[in-house]
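Data block below; observations after.
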Amino acid sequence: MEAGSIRGTIFDICRFSTHDGGGIRTTVFLKGCPLSCVWCHNPEGISTRARPLYFKNKCIGCGTCCRLSEKGGVTAGEKGIQLSVEKREDWDRIIESCPAGALVWDSRSMTVEEAVEAVMKDAPFYKYGGGVTLSGGEPLLQPEFVLAFLKELKKQGIHTAIETALHVPTETVEAVMPWLDLIYADLKLFDSREHETYVGTPNDRIKKHIRLLLESEKRDAVVIRTPMIPKITDREENIGEISRFISGIYPEAAYEILNYNPLAEAKYHLVDRTYFFKENPTRYSREAMEGFAETARSNGVKNISMEV
Ligand code: SF4
Ligand code: SF4
C-alpha cells in the first residue's frame, strides 16, 4: 500500500493549540486507547469503533432521524433523541439527513495524504516554533498510520510531538522515536496494582518504555507527565516514587505535573458512560500545584514544570 493511502481513525483536529508542545500547534487526536483511566478526559477517544453522537442543543426536533430509523436505533424520548448505537442502522444515511448537524460521527477515517493536507493548512504558523502534535486516545495504537504520517511531516520540515501512554509493543515505540522531536509520555501511577485498578492494566510495560526513552539519545526530547487526580495520583507517595524512578534513570529527566481537568465530565453522557467522580472535583490552586512540584523536586527531579 502507498504510504499516503494508509488510513487512520481521527476523532478531532484541533488548530491553534498552545498546550501540546512549543509554539502554535495543530493537534491530531487518534481514536482508540488500550487503557481505561477512570478520569479519562477524552472518553470519546477510548473505543476504536466509530459511533454516532447526538447534540441536543443543536436538535430542532424535526423527527427525520426517527423516520429513517428501521431497527430502533433512533427513538424520541422525554430527553430528546435517544440513540442505541449497537443497532444495525444505515447510520450514514441517518446522520447525513439531519438538517441541524445534531447527529454526527464521532470520528472519521482519513488517509495519510488527507491528514497531511489538513495540518499543512496551518503551516504558516509552524515557522514560529510550532508544529504538529499527535494525541488521543493512544496514537500509537495506529502505528502504521502514525509512522507514515510522521515521515511525511518530517519531509516537510515540520516539528513533531506525541502524547502517549506507552502501553504498546516495544517495536512500535522504537519505530516512531526517530521521527519525533518531542515525546510526552505519561506515568500516572507508580504502584502497578493501583495502576491496574484505576488505569486498567499493570504498568510494567510503561515503565520499561520510559526507561528505554530516558536511556536513549532522545532523552532530552522526552517529558514524563502525571495528571493530578484527587486522591488517586496526587498523593505524595505516588509523586515521590515516580520522581525517584525517572531521575534515577536520567538525573536531568523532564517531568511535568498536569492540573485536573473538570471539563471532561461533560463529555461522558455523549458516549453513554458514567463519570467516576460523583462530585466533580475542581482544578488545583497554584499553591497546591507548587506543592506537588516541590515533592517532585525533593525526590530528585531537577527539571520540573507544571500546568496551573
Ligand atoms: S434529524 Fe437531527 S434535528 Fe431532526 S430530530 Fe433528528 S437529531 Fe434532531
Ligand atoms: S491514556 Fe489517555 S486516552 Fe487513554 S484512557 Fe487514559 S486518559 Fe483516556
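Both counts, for ligands and for their atoms, begin at 1 and track the order of listing.
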Who pairs with K155 by salt bridge (Lys or Arg N to Asp or Glu O under 4.0 Å), at least two apart in sequence or on another chain? E152
Heavy atoms only: give me the nearest E307-M289 pair and the separation to one decimal. O-CE, 3.2 Å
Distance check, rounded to the nearest 0.5 Å: N238 atom CG versus H195 atom NE2? 9.5 Å
Please list, in number order, the atoms of ligand 2 under 4.0 Å from a heavy atom of H41. 7 (S)
CD (E86) with more than 12 external heavy atoms under 6.0 Å: yes
Heavy atoms from other residues, nucleotides or ligands near CZ of R15 exceed 12 (cutoff 6.0 Å): yes
Whether F11 and F29 hold their rings parallel, tilted or perpendicular, with breakpoints at 30° and 60°: tilted
Protein N/O/S atoms under 2.8 Å from atom 4 (Fe) of ligand 2: how many? 1
Carboxylate-amine/guanidinium proximity below 4.0 Å for E294 and R297: yes
Could you check whether any heavy atom of H167 sits closer than 4.0 Å to an atom of ligand 2, since that is the contact criterion I want to use? no
More than 12 heavy atoms of other residues, nucleotides or ligands under 6.0 Å from CD of E236: yes or no? no
For the pair E117 and K121, find out whether any cationic side-chain nitrogen is under 4.0 Å from an anionic carboxylate oxygen. no
Taking 2.8 Å as the distance threshold, tell me the number of protein N/O/S atoms next to atom 6 (Fe) of ligand 1. 1
Report the hydrophobic cluster partners of F55, with the cluster defined as I, L, V, M, F, W, Y residues connected by side-chain heavy atoms closer than 4.5 angstrom, directly or transitively. L53, V104, L270, V271
